[in-house]
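Report on one structure; see the data block that follows.
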Amino acid sequence: MKIIVDTTEAISALAAKRYVRLLRSRPNAVLGFATGSTPLGLYAELVRLCDAGEISFRDAMSFNLDEYVGLDGSHEQSYRWFMDHYLFEKIDIDRARTHVPSGLDTDSATAEAYDQAIISTGGIDLQLLGIGNNGHIGFNEPGTPFGSRTHMVELTDSTRQANRRFFKSLDEVPTHAVTMGIRTVMNARSIILMALGTAKADIIRKTVQGEVTEEVPASILQLHPSVEVYLDYQAASLL
Ligand code: F6R
């Protein structure tokens, strides 16, 4: 694992440079994207670079990690809406080449088809990950088998509480999600894990320096050959 630590302001710009390098050498790269608060600065920087003509997503393709069950893509808390709003509508990517798991069609054949679609592109070149306070990646909560592929999950209380801030009340936070599995994520050729803020410091320590265990899903990343961990000073404070 390569650990990159900088200020909260600088870390998104550093991560964005990774995309500039990748897309210059491989314009048709397959990108794995994440939602949540953490990538917002990175996405804003990618929009800026695209506007400035320094990066182009014209030939790229994308697959998102996860989606809430029960929300369709026009719902403002759906991850499809999030991606369209914060990134896809603001860069030159072809929306038809962007993929987010369906929150409505949740049977196992559809989940399997998502993995197959990724495989048929030749696989994800660069997968972006945030991390939950409990170590989840995607919505793979503690205890998820490392061999899992795209599947439906029940969200833990702590994850629903953490994401409550985006909804009017806890009752409105979906109870289930569809997520790429841990195997799906580990199949990516390279991975970026981003974490910002003191609240992530403890789980980052466990992820980077702790035991590799299904109780800390992100700890599996220690076994991946190409992972970069982008942290601000706060998230890195316990390393
Ligand atoms: C989002 C995702 C989640 C988040 C994680 C951190 O697509 O898969 O694993 O990355 O919950 O969320 P934030 O960035 O809001 O702290």
Side-chain angles (χ1 to χ4, degrees), residues 1-27 29-58 60-66 77 79-93 98 100 124-133 135-139 162-163 165-166 180 185 188-205 207-208 218 221 224 226-239:
M1 281 180 157
K2 186 175 166 198
I3 315 268
I4 297 123
V5 183
D6 212 312
T7 61
T8 315
E9 295 69 39
I11 207 73
S12 297
L14 282 177
K17 288 201 175 118
R18 180 76 177 75
Y19 287 82
V20 173
R21 286 201 303 278
L22 172 64
L23 286 164
R24 286 202 180 143
S25 66
R26 195 171 161 81
V30 182
L31 305 172
F33 284 128
T35 59
S37 307
T38 309
L40 286 174
L42 165 64
Y43 292 165
E45 180 65 6
L46 292 177
V47 169
R48 192 189 67 76
L49 290 167
C50 196
D51 282 346
E54 290 186 40
I55 193 170
S56 173
F57 298 83
R58 213 173 27 243
M61 192 186 286
S62 75
F63 288 88
N64 259 77
L65 281 169
D66 41 20
Q77 301 311 332
Y79 287 167
R80 162 50 81 181
W81 190 93
F82 177 103
M83 291 309 298
D84 285 347
H85 184 76
Y86 289 107
L87 191 64
F88 299 151
E89 285 168 1
K90 298 183 168 152
I91 58 175
D92 59 351
I93 201 163
T98 67
V100 179
I124 291 174
D125 290 298
L126 183 59
Q127 176 65 54
L128 175 65
L129 299 174
I131 184 169
N133 296 333
H136 73 214
I137 48 177
F139 273 135
N163 289 359
R165 65 191 192 278
F166 300 111
M180 278 188 202
V185 168
R189 273 183 277 284
S190 293
I191 295 175
I192 288 182
L193 173 66
M194 270 188 96
L196 305 173
T198 316
K200 299 285 169 72
D202 184 48
I203 196 64
I204 283 295
R205 184 181 54 75
T207 295
V208 172
L221 299 174
H224 191 283
S226 175
V227 177
E228 289 177 338
V229 186
Y230 287 80
L231 305 173
D232 65 4
Y233 289 114
Q234 290 84 341
S237 59
L238 296 179
L239 294 181

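Since we're looking at a predicted model, the values are computed, not measured.
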So do the side chains of Lys90 and Leu46 get within less than 4.5 Å of each other, counting heavy atoms only?
->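 They are not in side-chain contact.
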
Kindly indicate whether the side chain of Ser62, heavy atoms from C-beta on, has any atom under 4.5 Å from the side chain of Phe88.
->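 The answer is yes, as the side chains (C-beta and beyond) meet within the 4.5 Å cut-off.
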
Could you list all the salt bridge (charged side-chain N to carboxylate O under 4.0 Å, His left out) pairs where at least one residue sits in residues 18-27, not counting sequence neighbours?
->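 Applying salt bridge (charged side-chain N to carboxylate O under 4.0 Å, His left out) to every pair that reaches into residues 18-27, excluding sequence neighbours, yields Arg18-Glu228, Arg26-Asp125.
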
Interatomic distance, Ser190 atom OG to Lys2 atom NZ [nearest 0.5 angstrom] =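 Answer rounded to 0.5 Å: 11.0 Å.
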
Atom pair OG1/CG of Thr207 and Leu193 - distance to nearest 0.5 Å =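 Reported to 0.5 Å precision, the distance equals 7.0 Å.
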
Proximity of His136 and Phe139 rings by center, below 6.0 Å =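 Yes, ring centres under 6.0 Å apart.
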
Would you tell me whether Ser237 and Arg205 have side-chain atoms, one donor and one acceptor, within less than 3.5 Å of each other?
->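 Short answer, no.
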
Quick one: list whatever passes ring pair (Phe, Tyr, Trp, His ring centres under 6.0 Å) with [X], sequence neighbours left out.
X: Tyr19; value: none
X: Tyr230; value: none
X: Phe63; value: His99, Tyr114

I'd like a table of donor-acceptor pairs (distance under 3.5 Å, sequence neighbours excluded) in which one partner is a side-chain atom from residues 5-15, with atom names and distances.
unit_1 : atom_1 : unit_2 : atom_2 : d
Thr7   : OG1    : Ala10  : N      : 3.0
Thr8   : OG1    : Asp232 : OD2    : 3.0
Ser12  : OG     : Leu42  : N      : 3.4

For Asp92, all residues meeting salt bridge (Lys or Arg N to Asp or Glu O under 4.0 Å), sequence neighbours excluded =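 Counting only residues at least two positions away or on another chain, Asp92 forms no salt bridge (Lys or Arg N to Asp or Glu O under 4.0 Å).
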
Output yes when Arg48 and Asp51 qualify as a salt bridge under the 4.0 Å nitrogen-oxygen rule, no when they do not.
->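 Salt bridge absent between Arg48 and Asp51.
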
